[in-house]
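All remarks here apply to the structure that follows.
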Number of protein chains: 2
Amino acid sequence: MSTDAIRRIRRFNRAVTAEVGALDTSFLGRGRPLGAARVLNAIGHGRGEVGSLRDYLGLDSGLMSRLLRSLEEEGLIVTLPHPDDARRRVAALTEAGRQEFAAYEALSNDRAAELLARFPKGDDLLRAMDLVATALGRERIAIEESDPRSEQALHCLTAYYAELGRRLATGFDVSLSRDPEAADMMRPRGTFLIARSDGLPIGCVGLKGKGGETAEIKRLWVCPSARGLGLARRLMEAAEAAARDLGIAILRLDSNSALTEALQLYRRTGWVEIDRFNDDPYPDHFFEKRL
Amino acid sequence: MSTDAIRRIRRFNRAVTAEVGALDTSFLGRGRPLGAARVLNAIGHGRGEVGSLRDYLGLDSGLMSRLLRSLEEEGLIVTLPHPDDARRRVAALTEAGRQEFAAYEALSNDRAAELLARFPKGDDLLRAMDLVATALGRERIAIEESDPRSEQALHCLTAYYAELGRRLATGFDVSLSRDPEAADMMRPRGTFLIARSDGLPIGCVGLKGKGGETAEIKRLWVCPSARGLGLARRLMEAAEAAARDLGIAILRLDSNSALTEALQLYRRTGWVEIDRFNDDPYPDHFFEKRL
DNA sequence: ACATATACCTGACTTAAGTCAGATATTTTA
DNA sequence: TAAAATATCTGACTTAAGTCAGGTATATGT
């Protein structure tokens, strides 16, 4: 029972170790020890400060320093004192460093493409990988404000509309619903929050304000591979915090009885059901929460 | 599109590297370098021959030899010449070695249990992990003969019956079907094959003979996480090979129109539809293949 | 029976990785 | 402004890992 689960997890670990090891290997093969390659790649991925590099890679400060020196001698990076605190130092790629980093990226992409090409059922595999990656990286899910017209926001909204279309008995047509103006979901009137796991957008929520003390929660969505991790609740909490920050006292939202998990969440987190407050054709449940 | 897939695979790799690294760490912490610990564990998992250890762990022969010596000096293993070829050597755990191996196993199990405990949606996660592990370990799927009454065989059969119950419009009750006698699915009359990925049973097929030149294929099943990898075809090929080996000339099988993938497989691999040859209530399609 | 191949071992080496005790420069605190 | 704290660096180490050229014992082919 539970030993079966443990066996399955260990099997997963074994299966994945071989693949991951191979990906690690792609960091070799450019004539540079693994440690130096990892530092170069971390810098390429935007981690400039030496302290943050040390934390991320889990290296001793002496070792870190030496690795930076060796990359500097190769002409791949330069280090400068931090503008706010001259004790700290910040590393940045030189032009040669950018090229070398791009070469590593290309290697990693090739390895990933190769792996994908080996599998006939690529879609199922990718979905399963997303689920595992999101679950394992749960502590690292970040919720941040974003422009509701950004690419990632549109990705979320498209998925949200598609899901409504599947789940509502009537289907869903955005043009019939009240599509909020982008400006109403941006500061200072409102905001739009995206949850990302390792950069991949996996959930969103909009706060649509009109400048008054009342605002609406819109577009709460969590991608299927991230459900069951309490993310919807975290998104709602973040939206409420943003609303307080914007001086909003009363929040409202509308929903549909087909969205059972959402209704359950609202009822459990202090929302009270109120009368219909708009003539949108899709919602049949209306809620309010005083902050 | 495809770059999205690559991004997702790389994200999976990043997420998993951290976990796998932590599991690796559990191999430290018993006062022994990683290399020696890995050798000890490989021996504990039944890999006794020095050559096979070397292949499995990818180590140089000199290094391998030294690691074996260090384990020997610790009193954890003994090495003996191979009975068939005195140039080769075989390593085996001593009593102390068995205890030390058990301690490593306990550590690994604890790590896995810990990981599992961290996740509310354990079941979905496990299913996704199974799928990923099976896909990644596809080359390592082994098909072997087994007693049809073994624990792993029962695991497969139970899952098979459950799936029939779900998929047949009428449901499925084993007791109404012709449950084959175990002896008919064992040599010399027939056989029972189990497909395992890294030890986990993921598919099966039975060959039920009566001692004559005709036999029946029964109980073809592939677990959901392993579908789409061509495993059913491999199982059927293995069953046919076993049938030839047993001197069987004519194979038959029955199936149900709800099992569309199976019917498709039979039609594509040289089976021809024939008249009903039994009075089992569930099947509505009957096939034959001459070897 | 001999040469050749195979399987493993030993010794001498290189390299990467990691540790630790100061040294240096800068910032913060009293 | 002096003392303490912080961030990084340098030099001197240790250990693990890996490589390579022989060496020994056993097996195989002619």
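Values in this document were obtained by computation on a predicted structure and should not be read as measured data. Here is the naming used below: chain letters follow the sequence lines, and residue numbers restart at 1 for every chain.
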Item to check | Residue pairs fulfilling ring-ring contact (aromatic ring centres under 6.0 Å, His included) with at least one residue in residues 54-88 of chain B, sequence neighbours excluded | outcome: none

Item to check | Atom pair CZ (A/Arg66) and CG (A/Asp60), whose distance is rounded to the nearest 0.5 Å | outcome: 8.0 Å

Checklist outcome for this item: Sequence neighbours excluded, the answer for salt bridge (Lys or Arg N to Asp or Glu O under 4.0 Å) partners of B/Glu73 is none

Checklist entry - Quick one: side chain to side chain contact (heavy atoms under 4.5 Å, CB included) partners of B/Ala239, sequence neighbours excluded? => result B/Leu193, B/Val205, B/Ile217

Next on the checklist: Checking the side chain of B/Arg234 only, and the main-chain atoms of B/Leu229 only, is there a donor and an acceptor separated by less than 3.5 Å?
Outcome noted: no

Checklist entry - If you pin B/Ala86 and A/Arg88 to their nearest nucleotides in DNA chain D, which one's is more 5'? => result A/Arg88

Checklist entry - With B/Ala96, which residues qualify under side chain to side chain contact (heavy atoms under 4.5 Å, CB included), at least two apart? => result B/Leu76, B/Thr94

Next on the checklist: What residues from residues 54-75 of chain A pass a heavy-atom cutoff of under 4.0 Å to DNA chain C?
Outcome noted: A/Leu59, A/Asp60, A/Leu63, A/Arg66

Item to check | Working for side chain to side chain contact (heavy atoms under 4.5 Å, CB included), residues A/Val78 and A/Leu93 | outcome: CA-CA 6 Å; A/Val78 288; A/Leu93 297 183; over 6 Å; no

Under 3.5 Å, which protein N or O atoms sit close to an N or O of nucleotides 4-6 of chain C? Give each pair with its distance.
residue	atom	partner	partner atom	Å
C/dT6	O4'	B/Arg87	NH1	3.3
C/dT6	O2	B/Arg87	NH1	3.2

Checklist entry - Is it true that a side-chain atom of A/Ser65 and a backbone atom of A/Ser61 form a donor plus acceptor pair closer than 3.5 Å? => result no

Item to check | Positional range of nucleotides in DNA chain D within the contact set of chain B, heavy-atom, under 4.0 Å | outcome: D/dA16 to D/dA27

Item to check | Contacts of type side chain to side chain contact (heavy atoms under 4.5 Å, CB included), residue A/Met186, not counting sequence neighbours | outcome: A/Asp147, A/Pro148, A/Arg149

Checklist entry - Under the side chain to side chain contact (heavy atoms under 4.5 Å, CB included) test, which residues partner B/His45, sequence neighbours left out? => result A/Arg10, B/Phe101, B/Glu105

Checklist entry - Which sits closer to the 5' end of DNA chain C, A/Ala36 or A/Pro83, going by the nucleotide each is nearest to? => result A/Ala36

Checklist entry - Is the backbone N or O of B/Ala133 less than 3.5 Å from a side-chain atom of A/Arg14, with the two atoms forming a donor-acceptor pair by type? => result no

Item to check | Sequence neighbours excluded - salt bridge (Lys or Arg N to Asp or Glu O under 4.0 Å) pairs with any residue from residues 29-47 of chain B | outcome: B/Arg30-B/Glu100, B/Arg32-B/Glu74, B/Arg32-B/Glu100

Next on the checklist: My understanding is that only residues two or more places apart in sequence, or in another chain, count here; which of them pass side-chain hydrogen bond (donor to acceptor under 3.5 Å, both in side chains) with A/Asp245?
Outcome noted: A/Arg187

Checklist outcome for this item: Axis-to-axis angle across the helix from C/dA1-D/dT30 to C/dA30-D/dT1, five pairs each end, nearest 10 degrees, ~ 20°

